Amino acid sequence: MQSGVVAFIFIVKIKGKTDWFCSLELSLFKHCQTVRAATNKQELSRAEEVRESSSLKKGNQAREKGGIFGQGGRSKRDLLMDLDLGSLLHSLIPSWNSVAVLGVYFGYLAIAGSILPGKVVSGATLQDGSRLHYRCNGLLSLLLLVGLLGVGAQMEIVSATVISERGLELLSATFIFSVAVTMMLYVAGRMSKDKGSSLRPHVTGNLIEDWWFGIQLNPQFLSIDLKFFFVRAGMMGWLFINLSVLAKSIQDGTLNQSMILYQSFCTLYIMDYFFYEEYMTSTWDIIAERLGFMLVFGDLVWIPFTFSIQGWWLLRNNVELTTAAVIANCFVFLMGYMVFRGANKQKHDFKKDPKAPIWGKAPRVIGGKLLASGYWGIARHCNYLGDLMLALSFSLPCGISSPVPYFYPIYLLILLIWRERRDEARCAEKYREVWAEYRRLVPWRILPYMY
Ligand code: NDP
């Protein structure tokens, strides 16, 4: 499922039909050209010569054989597509610069996460009764880094547009890092003799499965909880990509209402995430998933590089929004935020104090364990509904001329439906008749009266 944008582009290359994917690819291609304009120019013309002559040869051979090339050889479009693919692949090769950017970024996050002050939150109680502790200083780390980079950009030590110009390199460097780090996690997990819940190895014996889903629940490196670290890196990465895209649009003089709306919504969402970072400690990923390639790739590559597609798309496409569209877009964002944050907060408060009032009233509790008031009395996963509305609001600024900017809400819809099913099965097993009663009282999964 998570083969990523690159795989999509390759599919388009092969099929060579769909314009909207081609437009994404064209954006990426143009972006590659900016990065390596000088070298690419020479390489492209060299490649074009090679292609032209090889195509000529092929055309001649085919004509001689009376085959499918008999009507004048390969088309210009085929040639261009070959060139695009070559250039795209070339732009994916990480340079030492992109490795350095990643290294400095991870290094900063490790140091800032360890030394900056922050609320220390106890995680969920694990099977063996132990609890991990998380220092929630993500917001401070983020603001400090934004400040440092801002000063660096002013002093022209760092370039604000570096990510938007080296996006593909950074994507592949992060991908390679994810593969390497999860191989190390696999080896460390297999060698672990720990009997505690967080480090006990879960080995199926199937190498691919163990590497994909991970072996340990909460592996650590230099006392850093890697799972918490990678989510933080991915969410911040998303913001930094956006900020770099914003800087690029200012530099190019293309900043418009759509870009401002997209940037504002995403920034609010990401800042909100870090403001409430402690809520992350009780989510499914932290509590239930082991740390393998699926999670590391999802956090480091998928979140930052695919959730920001709208921004990349807006760099290349001009959208004019009517006032009514802007108002409707803001409305969807605000409603989504209210439901998303409200539902997650209600559950978090309920777990801390099952008597805490919900919407000013005593909560309705089933079997002393499950909340059936507020948003949790409307649908069993109202928080997913809010998240989906938010995701939609990030794409609406792009208008409806192309489905490319709707990648994130479509992906999230599929993910959350799948996730809800898995969570449902987990809760049915954990809470048994209490869950059955909850299902009876609250029959809707995500969207009341629909699903
Ligand atoms: P939830 O926060 O909904 O957590 C599910 C867990 O909550 C259950 O396993 C159960 O755990 C507990 N629970 C369920 N129902 C009740 C209830 N009625 N009363 C009390 N406890 C209940 O799921 P996630 O961790 O999947 O998602 C957290 C947030 O992250 C969501 O808002 C989601 O939209 C968002 N998210 C975003 C993604 C993205 O890519 N943008 C991806 C995934 C999630 P327990 O056993 O502890 O009781």
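Both backbone and side-chain heavy atoms feed into the values below; hydrogens, waters and symmetry mates do not. Keep in mind that this is a model prediction, so the values were computed, not measured. Order of listing sets the numbers, starting from 1, for every ligand and every atom in it.
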Check whether any side-chain heavy atom of Tyr411 lies under 4.5 Å from a side-chain heavy atom of Thr306, and answer yes or no. no

From the options Val442, Asp423, Asp387, select the one whose nearest heavy atom is closest to atom 37 (C) of ligand 1. Asp387

Report, in ascending order of atom number, the atoms of ligand 1 lying under 4.0 Å from any heavy atom of Lys430. 45 (P), 46 (O), 47 (O)

Is the shortest distance from a heavy atom of Lys351 to ligand 1 less than 4.0 Å? yes

Among all protein heavy atoms, pick out the one at the shortest distance from atom 27 (O) of ligand 1; state its residue, atom name and that distance to 0.1 Å. Tyr384 CE1, 3.7 Å

Any nitrogen or oxygen of Arg426, side chain or backbone, less than 3.5 Å from one on ligand 1? yes

Counting C-beta onward and ignoring hydrogens, is there a side-chain heavy-atom pair between Glu420 and Tyr451 closer than 4.5 Å? yes

Top protein contact for atom 43 (C) of ligand 1, by heavy-atom distance: Arg419 CZ, 3.4 Å

Please confirm whether the backbone N or O of Leu168 pairs with a side-chain atom of Ser172, one donor and one acceptor, at under 3.5 Å? yes

Should one rank Thr283, Thr306, Val339, Asn383 by closest heavy-atom distance to atom 31 (C) of ligand 1, which comes out on top? Asn383

Please work out, at 4.0 Å between heavy atoms, whether the side chain, the backbone, both, or neither of Asp285 comes within that distance of ligand 1. neither

Would Phe221 and Phe229 count as a ring pair (Phe, Tyr, Trp, His ring centres under 6.0 Å) if you check the C-alpha gap in whole Å, the side-chain angles of each, and the deciding distance to 0.1 Å? CA-CA 10 Å; Phe221 179 69; Phe229 177 83; 9.4 Å; no

How far is atom 45 (P) of ligand 1 from its nearest protein heavy atom, and which residue and atom is that? Tyr431 OH, 3.3 Å

Main chain of Val121, side chain of Glu278: is a donor-acceptor contact present, judged purely on distance under 3.5 Å? no

Within reach of ligand 1, part of Ile287 (heavy-atom separation under 4.0 Å): neither

Once you restrict to heavy atoms under 4.0 Å, what part of Cys427 touches ligand 1? Side chain, backbone, both or neither. side chain

Carefully, step by step, assess Phe407 and Trp302 under the rule ring pair (Phe, Tyr, Trp, His ring centres under 6.0 Å). CA-CA 12 Å; Phe407 178 84; Trp302 194 255; 5.6 Å; yes

Do the numbers put Arg422 on top of the ring of Trp418, so that NZ or CZ is under 6.0 Å from the six-membered ring centre and no more than 45° off the axis? yes

Atoms of ligand 1 close to Phe340 [distance to a heavy atom under 4.0 angstrom, numbered from 1]: 32 (O)

Classify the angle between the aromatic ring planes of Trp435 and Tyr438 as parallel (below 30°), tilted (30 to 60°) or perpendicular (above 60°). perpendicular

Nitrogen or oxygen of Trp435 less than 3.5 angstrom from that of ligand 1: no

Trp376 heavy atoms, cut-off 4.0 Å: which ligand 1 atoms fall inside? 3 (O), 15 (N), 18 (N)

Is Val442 close to Ile378 at the side-chain level, that is, under 4.5 Å between some pair of heavy atoms? no

Walk me through whether Phe305 and Phe175 qualify under ring pair (Phe, Tyr, Trp, His ring centres under 6.0 Å). CA-CA 11 Å; Phe305 290 97; Phe175 178 80; over 10 Å; no

Run the contact test for Tyr279 against ligand 1 with a 4.0 Å cut-off on heavy atoms, strictly below, and give the result. no

Atom 32 (O) of ligand 1 sits nearest the protein heavy atom Asn344 ND2, 2.9 Å

Would Tyr408 count as a contact of ligand 1 if the rule is a heavy atom under 4.0 Å away? yes

Which ligand 1 atoms are under 4.0 Å away from a heavy-atom of Trp284? 25 (O), 26 (O)

Identity of the nearest option to atom 16 (C) of ligand 1, non-hydrogen atoms only, from Leu390, Leu416, Ile446, Leu370: Leu370

Which of the atoms in ligand 1, numbered in the order shown and given with their element, are less than 4.0 Å from a heavy-atom of Phe307? 40 (O)

Using 4.0 Å as the upper bound for N to carboxylate O, is an ion pair formed by Glu437 and Arg440? yes

Go through Asp252 and Lys248 one step at a time and tell me if the salt bridge (charged side-chain N to carboxylate O under 4.0 Å, His left out) criterion holds. CA-CA 6 Å; Asp252 293 352; Lys248 181 85 182 135; 3.6 Å; yes

If you take the nearest heavy atom of each of Leu371, Ile366, Leu412, Leu441, which one is closest to atom 19 (N) of ligand 1? Leu371

Measure the shortest side-chain to side-chain distance between Leu246 and Asn242 over non-hydrogen atoms and say whether it is less than 4.5 angstrom. no

Should the pair Tyr375 and Trp359 be assigned to parallel (<30°), tilted (30 to 60°) or perpendicular (>60°) ring geometry? perpendicular

Residue, atom and distance of the protein heavy atom nearest atom 6 (C) of ligand 1 read Lys347 NZ, 3.7 Å

Side chain, backbone, both or neither: which part of Leu415 has a heavy atom under 4.0 Å from ligand 1? side chain

